[in-house]
Amino acid sequence: MNTTLKLLAGTGALALVLTACGGGDGGDGEAAGGGELVGSGSGDSCTIEAPVPVGAVVSLTGGAASYGDSQKKGLELAADKLAEGEGITYDLKIEDDASDPKQGITVFESLTKDKSIIIGPTLSNTAFQSQPIAQDAGVPVLAISNTASGITEQGDYIFRDSLTEAQVIPQTVEVAKEHFGLEKVVVMYSNDDAFTESGYDVFVQALQDQGVEVLDTLTFSKADTDFRALLTEAKGKDPDALVVSGLIEAAIPLVTQARELGIDTPIIGGNGFNNPKLMSDAGEAAEGVVVGAAWNSASEGELNTAFLADYAEKFDGQPDQFAAQAYTGLMVIDAAVRANCSGERDDIRDGLTTIKDLDTVLGTFSINADRDAEHQAVVQIVEDGSFTPLN
């Protein structure tokens, strides 16, 4: 791959080779670069004179910091990999939205001034508030972890490489029903978050489609940490499983307290449960938790094997789904830039629409007509402290 990306780490934000700024243009499809972003050649032979400016917005602080930290590492690793090539250079700047939609809006307003494309933000709540700014400015967005319904419906410049809850949860329910013989469940969800509410809606539809009875539906706030009263109520219904749509900050105490109360049934979580902190913080209580995912470390394939090794060498740890999706995001952008050999905004947007059967660490990856990702999902269960494929 003939791409060069130069990495310079900053404090609080990561800046890669600052680009001369041309300023926002209100949607005429031109980013910084004064025409130098249109290159010559095509595909691997594409050469672009000016660095392509890329902004990324992730949650490095606040409630979603654990997801954002993984995304930052995934982007950094992808930057390292692309820097091994020649022909195209990228200017990548990673900003913190602090898990706050208001901060996300501020960062998006800044990045739309001179970036060719924006990656992120981490949470769907923030995406719904900030993405319209990029849409209005004519700056393409590639979401790398937003799974709520309606994300890409905000406009024709909005794309994502993360599978939606609607793509993953039905498969999760189907596999769990078959594996555990589920007939009746209690559903729990936080009703003050767009992502978890969207996950709840999909869970209910999937349970109905699979003929699984919902004995009760219990709600909580995403800021709650004591679930004992709700769990006692759920236990009284004698369900075959608990089905929960919540963020990791709620998932950890909920799972821990459920086991403390003697609830030993399977706990089936949405994408918010898909975080190594579930095992590290909940410990043995996390055993038996089931969650659907876009990626699993056990996935075979040359790219994924190399990704795991490179990540371990750089960060002395193992990646999670959020790191894998972030890594893939920058690779997908590189493919979109090479599709038209241009770093101009409209050319990247058009390039993203042509992504089909791209070999990635997530598997064979395509972007469909709705600008959503399409690839194989995996259903996981926590066994011996690790996510293990269940299907």
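None of the values given here were measured: they were computed from a predicted structure. Position 1 is the first residue of the sequence; numbering continues from there.
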*Would Glu36 and Ile48 count as a side chain to side chain contact (heavy atoms under 4.5 Å, CB included) if you check the C-alpha gap in whole Å, the side-chain angles of each, and the deciding distance to 0.1 Å?*
CA-CA 7 Å; Glu36 295 176 335; Ile48 298 176; over 6 Å; no

*Walk me through it: do Asp370 and Thr152 pass the test side-chain hydrogen bond (donor to acceptor under 3.5 Å, both in side chains)?*
CA-CA 7 Å; Asp370 295 325; Thr152 57; over 6 Å; no

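Distance alone, capped at 3.5 Å, is enough to place a donor-acceptor pair between the Asn146 side chain and the Thr122 backbone.
Between the side chains of Asp350 and Asn340, not a single donor N or O lies within less than 3.5 Å of an accepting N or O.
Ion pairing of Glu183 with Lys177 is absent here, as no side-chain N (NZ or NE/NH1/NH2) approaches a carboxylate O to less than 4.0 Å. Contact check on Glu76 versus Lys72 returns a salt bridge, with a Lys/Arg side-chain nitrogen under 4.0 Å from an Asp/Glu carboxylate oxygen.
Atom NZ of Lys184 has more than 12 heavy atoms from other residues, nucleotides or ligands within 6.0 Å.
Counting heavy atoms from C-beta on, the side chains of Glu284 and Glu287 come closer than 4.5 Å. Between Ser59 and Tyr67 there is no side-chain heavy-atom pair separated by less than 4.5 Å.
The CG atom of Leu123 sits 8.5 Å away from the CZ atom of Phe195 when rounded to the nearest 0.5 Å.
Aromatic ring orientation, Phe307 versus Trp295: perpendicular (interplanar angle above 60°, classes split at 30° and 60°).
Nearest heavy atoms, Ile267 versus Ala258: CD1-CB, 4.0 Å.
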